[in-house]
Amino acid sequence: MNAPPPGLHLVATPIGNARDITLRALDLLAGADILAAEDTRTLRKLMEIHGIALGERPILAYHDHNGDRVRPRLLRALAEGRSVVYASDAGTPLVADPGYALARAAAAEGHAVTAAPGPSAALAALSLSGLPTDRFLFAGFLPPARAARQAALRELGAVPASLVVFESPGRVAATLADMAEILGPRSAALCRELTKRFEEVRRGPLADLAAGALDDPPRGEIVLVVDRDRSETGEEEIRAALRAALEQMSVKDAAKVVSEAVGAPRRSVYQVALAMGRGE
């Protein structure tokens, strides 16, 4: 195996199933000069599972509480022409983890910054939700205080996209209740323990999911996916979506994709697509 080139390598790690790691990620973990991770114990265990020896290489903890102290050491290593891996605790680096300041500083100093993509809880949940994936907004964790959480939901509710939110088991029932109150009767999915033994996806209206979270509290790591507002989908929005779709697909296929994306009856969308195809 060739040694990784100098620079900062952002390595995605499994969100549950250890076999989800990529071959490229394993190569980087095996060959980098320096390893950094939010939780070094998690990274050590992953490397042990895959038979990767740490040897004499340093492995540094890098998190919100020590970033100001550790970041200069990593930047010095980059300046010396060494290869540095920053591995997420689980999932894709810089998505709800503290690697952002490191990557920004490395890029600002002119060092190469590359990503070895892989698992992502947000994308896995979006894929399993059954909700439109053409546009989505990842909102991370909502504020824990109810007033601040409701204010954030009022702002997010106007976004014309599927919403992806992380939540803890202890707050998920309250968050779903606030979503049902503020966002209305939208379709949603509660995804928990993705790729793990007890993986579960609950789908339904927000109010039903909120009631279910009270009756049968979900445990583990949770991702919520919420549909966009469907109450005011007008013909102009449908036409705009069709114009883009018709550039790449047939009238029939465009009607199918757009009807699913905007939540409008397929027959109605098909009629509009036919008229646009005839230049009307």
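The structure presented is a predicted model; accordingly, all values stated were derived computationally and were not measured.
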Peer 1: For the atom pair CZ (Arg197) and CG (Asn17), what is the distance rounded to the nearest 0.5 Å?
Peer 2: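 Result: 13.5 Å between the selected atoms.
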
Peer 1: One pair to check against side-chain contact (heavy atoms from CB on, under 4.5 Å): Leu78 and Glu109. What are the steps and the verdict?
Peer 2: CA-CA 9 Å; Leu78 293 171; Glu109 293 190 7; over 6 Å; no

Peer 1: Are His9 and Tyr86 side-chain neighbours, meaning at least one heavy-atom pair lies under 4.5 Å?
Peer 2: no

Peer 1: Can you confirm whether Arg57 is buried at CZ, in the sense that more than 12 heavy atoms of other residues, nucleotides or ligands lie under 6.0 Å from that atom?
Peer 2: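 Check passes, neighbour count above 12.
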
Peer 1: Given side chains that start at C-beta, do those of Arg135 and Pro160 come closer than 4.5 Å, heavy atoms only?
Peer 2: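 When only atoms from C-beta onward are counted, Pro160 and Arg135 do touch, with a gap below 4.5 Å.
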
Peer 1: Between Arg186 (side chain) and Leu183 (backbone), is there a donor-acceptor pair under 3.5 Å?
Peer 2: yes

Peer 1: Any sub-3.5 Å donor-acceptor pair from His50's side-chain atoms to Ala18's backbone N or O?
Peer 2: yes

Peer 1: Run the salt bridge (Lys or Arg N to Asp or Glu O under 4.0 Å) check on Asp216 and Arg202 step by step: do they pass?
Peer 2: CA-CA 11 Å; Asp216 181 16; Arg202 305 180 186 182; 3.3 Å; yes

Peer 1: Say you draw a straight line from CG of Leu123 to OG1 of Thr92; how long is it, rounded to the nearest 0.5 Å?
Peer 2: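 Those atoms lie 7.0 Å apart.
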
Peer 1: Find the distance between CD (Glu48) and CZ (Arg44) and round it off to the nearest 0.5 Å.
Peer 2: 8.0 Å

Peer 1: Is the shortest heavy-atom distance from the side chain of Pro6 to the side chain of Arg82 under 4.5 Å?
Peer 2: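 Side chain of Pro6 against side chain of Arg82, heavy atoms only: no contact under 4.5 Å found.
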
Peer 1: If you look only at pairs with a residue in residues 138-159, which of them pass as a side-chain hydrogen bond (donor to acceptor under 3.5 Å, both in side chains), with sequence neighbours excluded?
Peer 2: Arg146-Asp178, Arg146-Glu181, Arg149-Asp178, Gln150-Asp178

Peer 1: Report the distance from atom CZ of Arg203 to atom CG of Leu128, rounding to the nearest 0.5 Å.
Peer 2: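 Between Arg203 CZ and Leu128 CG, I get 6.5 Å after rounding to 0.5 Å.
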
Peer 1: Is there a path from Val164 to Leu131 through hydrophobic residues (I, L, V, M, F, W, Y) whose side chains come within less than 4.5 Å of each other?
Peer 2: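 The answer is yes; both residues are in one hydrophobic cluster.
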
Peer 1: Would you say NZ of Lys196 has more than 12 non-hydrogen atoms from neighbouring residues, nucleotides or ligands within 6.0 angstrom?
Peer 2: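 Check passes, neighbour count above 12.
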
Peer 1: At their closest point, which heavy atom of Val201 faces which heavy atom of Cys191, and how far apart are they?
Peer 2: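 Looking at all heavy atoms of both residues, the shortest contact is CG1-SG, 4.0 Å.
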
Peer 1: Same cluster or not: are Leu10 and Leu35 linked, directly or through other Ile, Leu, Val, Met, Phe, Trp or Tyr residues, by side-chain heavy atoms under 4.5 angstrom apart?
Peer 2: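 Hydrophobic grouping puts Leu10 apart from Leu35.
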
Peer 1: Please evaluate residues Leu190 and Leu176 with respect to the criterion side-chain contact (heavy atoms from CB on, under 4.5 Å), reporting the C-alpha separation (whole Å), side-chain torsions for both, the decisive distance (0.1 Å), and the verdict.
Peer 2: CA-CA 9 Å; Leu190 184 157; Leu176 284 167; 3.9 Å; yes

Peer 1: Does any part of the side chain of Thr114, heavy atoms only, come nearer than 4.5 Å to the side chain of Leu8, both counted from C-beta?
Peer 2: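 Result no, sub-4.5 Å side-chain heavy-atom pair not found.
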
Peer 1: Knowing that exactly one of Glu200, Glu221, Glu199 qualifies, which makes a salt bridge (charged side-chain N to carboxylate O under 4.0 Å, His left out) with Arg192?
Peer 2: Glu200

Peer 1: Check for a donor-acceptor pair, side chain of Thr175 on one end and backbone N or O of Val172 on the other, with a separation under 3.5 Å.
Peer 2: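 No.
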
Peer 1: When hydrophobic residues are tied together by side-chain contacts of less than 4.5 Å, even through go-betweens, does Ile15 share a cluster with Leu26?
Peer 2: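 Looking at the clustering, Leu26 is in a separate group from Ile15.
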
Peer 1: Which heavy-atom pair separates Asp229 from Gly157 by the least distance, and what is that distance?
Peer 2: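 Minimum heavy-atom separation between Asp229 and Gly157: CB-O, 4.4 Å.
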
Peer 1: Closest heavy-atom contact between Val113 and Ala103?
Peer 2: CG2-O, 4.2 Å

Peer 1: Any link between Val159 and Val165 through a network of hydrophobic side chains (Ile, Leu, Val, Met, Phe, Trp, Tyr) touching at under 4.5 Å?
Peer 2: yes

Peer 1: Does the Asp215 side chain pair with the main chain of Gly212, one donor and one acceptor, at a distance under 3.5 Å?
Peer 2: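 It does not hold such a pair.
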
Peer 1: Quick one, Pro218 and Glu167 - any side-chain contact, counting heavy atoms below 4.5 Å?
Peer 2: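 The answer is no; the side chains never approach within 4.5 Å.
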
Peer 1: Please determine whether residues Val84 and Leu54 belong to a single hydrophobic cluster, defined as Ile, Leu, Val, Met, Phe, Trp and Tyr linked transitively by side-chain heavy-atom distances below 4.5 Å.
Peer 2: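 No, because Val84 and Leu54 fall into different hydrophobic clusters, even though each may have its own neighbours under 4.5 Å.
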
Peer 1: Restricting to non-hydrogen atoms, name the atom on Phe138 and the atom on Ala122 that form the minimum distance, rounded to 0.1 Å.
Peer 2: CD1-CB, 3.9 Å

Peer 1: Would you check if the side chain of Ser88 reaches a backbone N or O of Gly91 as a donor-acceptor pair within less than 3.5 Å?
Peer 2: yes

Peer 1: Any side-chain heavy-atom pair from Val251 and Leu274 closer than 4.5 angstrom?
Peer 2: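 Yes - at least one pair of side-chain heavy atoms lies under 4.5 Å apart.
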
Peer 1: Would you sort out whether Leu163 and Phe136 count as a side-chain contact (heavy atoms from CB on, under 4.5 Å), showing the intermediate values?
Peer 2: CA-CA 6 Å; Leu163 304 176; Phe136 65 92; over 6 Å; no

Peer 1: What residue among Leu142, Ile182, Val226 forms side chain to side chain contact (heavy atoms under 4.5 Å, CB included) with Leu156?
Peer 2: Leu142

Peer 1: Inspect the contact between Asp134 and Arg228 and indicate whether a charged nitrogen and a carboxylate oxygen are less than 4.0 angstrom apart.
Peer 2: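 Here Arg228 pairs with Asp134 in a salt bridge, since their nearest N and O are under 4.0 Å apart.
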
Peer 1: Taking CZ in Arg243 as the centre, count heavy atoms belonging to other residues, nucleotides or ligands within less than 6.0 Å. Is the count above 12?
Peer 2: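 Yes.
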
Peer 1: Could you walk me through whether Leu224 and Met179 satisfy the side-chain contact (heavy atoms from CB on, under 4.5 Å) test, starting with their C-alpha distance in whole Å, then the side-chain angles of each, then the deciding distance to 0.1 Å, before giving a yes or no?
Peer 2: CA-CA 11 Å; Leu224 301 175; Met179 285 179 166; 4.0 Å; yes

Peer 1: Which atoms form the tightest heavy-atom contact between Ala37 and Leu43, and what is the distance?
Peer 2: CB-CD2, 3.8 Å

Peer 1: Does the side chain of Ile59 reach to within under 4.5 Å of the side chain of Ile34, using non-hydrogen atoms?
Peer 2: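 No, too far: nothing below the 4.5 Å cut-off.
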
Peer 1: Are the side chains of Asp97 and Asp89 in contact, using a 4.5 Å heavy-atom criterion?
Peer 2: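 Result no, sub-4.5 Å side-chain heavy-atom pair not found.
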
Peer 1: What are the two closest non-hydrogen atoms of Ser162 and Asp227, and how far apart are they?
Peer 2: OG-OD1, 4.4 Å

Peer 1: Drop me the distance from Phe141's CZ to Arg171's CZ, to the nearest 0.5 angstrom.
Peer 2: 7.5 Å

Peer 1: For the atom pair CG (Leu214) and CG (Leu209), what is the distance rounded to the nearest 0.5 Å?
Peer 2: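 Nearest 0.5 Å value for the CG-CG distance: 11.5 Å.
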
Peer 1: Looking at residues at least two apart in the chain, or sitting in another chain, which of them share a side chain to side chain donor-acceptor pair (under 3.5 Å) with Asp253?
Peer 2: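 Applying side chain to side chain donor-acceptor pair (under 3.5 Å) to Asp253 gives Ser250.
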
Peer 1: Donor-acceptor pair, Asp20 side chain versus Thr195 backbone, under 3.5 Å?
Peer 2: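 No: the side chain of Asp20 does not pair with the backbone of Thr195.
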
Peer 1: For residues Asp33 and Ser83, is any side-chain donor paired with an opposing acceptor at under 3.5 Å?
Peer 2: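 Note: Asp33 and Ser83 side chains meet the donor-acceptor criterion.
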
Peer 1: Does Arg219 have more than 12 heavy atoms from other residues, nucleotides or ligands lying within 6.0 Å of its CZ?
Peer 2: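 Not buried by this count: 12 neighbours or fewer within 6.0 Å.
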
